[in-house]
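I have placed the structure first, in the form of structure tokens, so that the comments after it can refer back to it.
By convention in this document, chain letters (A, B, ...) are assigned in the order of the sequence lines, proteins followed by strands, and residues within each chain are numbered from 1. Excluded from the calculations below are hydrogen atoms, water molecules and symmetry mates; all remaining heavy atoms, backbone and side chain alike, are included.
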There are 2 protein chains.
Amino acid sequence: MAQPDRTRDAERTRAEIIQVATREFADKGYAGARVDEIAAKMSTTKRMIYYYFGNKEQLYVEVLEHAYAGIRAIEQELDVEHLDPADAMRQLAELTFDHHESHPDFIRLVSIENIHRAEHIGRSTVLSGLANPALDVLARILDRGREAGVFRSGVDPLDIHMVISAFCVFRIANRHTFKAIFKRDMLSPDHREDHRRLLGDLVLDYLTR
Amino acid sequence: MAQPDRTRDAERTRAEIIQVATREFADKGYAGARVDEIAAKMSTTKRMIYYYFGNKEQLYVEVLEHAYAGIRAIEQELDVEHLDPADAMRQLAELTFDHHESHPDFIRLVSIENIHRAEHIGRSTVLSGLANPALDVLARILDRGREAGVFRSGVDPLDIHMVISAFCVFRIANRHTFKAIFKRDMLSPDHREDHRRLLGDLVLDYLTR
DNA sequence: TAATTAACGTACCAGATAGTTAGTTACGTT
DNA sequence: AACGTAACTAACTATCTGGTACGTTAATTA
């Protein structure tokens, strides 16, 4: 794939390596990904991977960092302060729902990283302890709902985040074994709207009980 | 590790290979697992793996089949027909909660299999389409609850199974990245009882709305 | 008890794979 | 325009890894 005579551009080369490596790692896992395969899919050579990233593991860490940065950027835009608590909560849940559905590679990287017991995230100063901006928004919605007397009190924001994440991550991360065993594709359009509503109902029925 | 002069027992040898391989695959993933490493942890030799299983992939498939068989066996024992629908549903959810917590290797194998898009389950005649016995129990509880007028109607049993699985699987499968980012161990005793109750409340508040 | 076979062990190999050595070239600086 | 350095390439290697060739021994059977 490597083309001679191309202009030199460190940023572009780095970015291309990250992009190709993201697909490869998300596709095959850390151990299953092949450095040679990543190189073959780039317009530069394998040596450049080692030039910029040093080794396979560091490349993987930077792939993870890049993926998490993308998510954070989207969450930053969330603005539900103008909605009443119930609508705000539903919208937050649906944003997570939509986001995870449209970023399966990110979900796969997270699954892969959990197989490795998050050892790479732990080693990354950028990622470890990186707060989720959506969590502050969630806490604020819960406070407003409780003050308005519509939400139950004593609810931990992180627990609600966990419930929403669990549902949205499961749909994507476990869709293959789920389909193989139950013969239902959780991502088919037939179920998408039902699941989206189910998630919102689940969270709101709990909070407003 | 291989000991000379041991008695010959095909079943025992096969069982030991499956047992050691289960740990290795669950620990390192399919590509990360090493046949030599599995052999080193056995009381027999690598040759026996190929003698009984042919190749690494077939060994992995039989590890998966064995793991799923264990789960099925536990679910078979479920008997909640004597409980009222709400209690029955809560008990079913808590059984899944407890089960997944005490079988992390199974959850890891499922995650790993999803990274591989369930291609091995698909290839296994034993596993593909293997119905979950708990699903029939769940459908029966929903019917009884609806007939008694306490549960909402139009609820798909598989959707409820999905919600329960999502919550219980997430706690185990994603605990490492969750802890790295939010500094909370979902498996710590501090949260265990809260989460167990949260799951039951979540499902029942939804069904009884 | 001799023959047969299933169960097992030792030693090895070919290809794959992460990482490296040694150099070359574009490009901004002065 | 010459110089220094960052960006880049091609070819190579040490090691790892799934898999195998070949021989041996315990148990079963006739």
Validation row: L199(A), C168(A) side chains within 4.5 angstrom (heavy atoms): yes

Side chain to side chain, R117(B) and R108(A), heavy atoms closer than 4.5 Å: yes

Between P of dA18(C) and CE of M48(A), the distance in whole Å: 18 Å

Nearest-nucleotide 5' precedence on DNA chain C, A10(B) against E57(A): A10(B)

Test: K28(B) and E37(B) ion pair at under 4.0 Å: no

Nearest-angstrom distance from the residue atom NZ of K28(B) to C1' of dC16(D): 14 Å

Spacing of Y50(A) atom OH relative to dT9(D) atom P, expressed in whole Å: 16 Å

Side chain to side chain, I172(A) and F97(A), heavy atoms closer than 4.5 Å: no

Separation of atom CD in E24(B) from atom C1' in dG18(D), rounded to whole Å: 14 Å

Parallel, tilted or perpendicular: rings of F178(B) and F182(B) (30°, 60°): tilted

Charged N-O contact under 4.0 Å between D36(B) and K46(B): yes

Under 3.5 Å donor-acceptor pair, K56(A) side-chain atoms to dG19(C) base atoms: no

Separation of dC8(C) P from M42(B) CE (nearest whole Å): 10 Å

Integer-rounded Å distance: dA11(C) C1' and R47(B) CZ: 13 Å

Length of the line joining D9(B):CG and dA26(D):P, which is rounded to integer Å: 15 Å

T45(A) vs dA10(D): side-chain N/O to OP1/OP2 distance below 4.0 Å: no

R34(A)/E24(A) salt bridge by N-O under 4.0 Å criterion: no

Using nucleotides 23-25 of chain D, report all nitrogen or oxygen pairs with the protein that are shorter than 3.5 Å.
unit_1	atom_1	unit_2	atom_2	d
dT25(D)	O2	R8(B)	NH1	2.7
dT25(D)	O2	R8(B)	NH2	2.6

Y30(B) six-ring centre to K56(B) NZ/CZ under 6.0 Å and within 45° of normal: yes

Presence of T44(A) side-chain N/O under 4.0 Å of dT9(D) phosphate oxygens OP1/OP2: yes

Touch class at under 4.0 angstrom, heavy-atom based, for F53(A) against every strand present: nothing

Between P of dC8(C) and CD1 of I49(B), the distance in whole Å: 13 Å

Under 3.5 Å donor-acceptor, R152(A) side chain and Y206(A) backbone: yes

Of residues 29-37 of chain A, the positions that come close to DNA chain C - non-hydrogen atoms, cut-off under 4.0 Å: A33(A), R34(A), V35(A), D36(A)

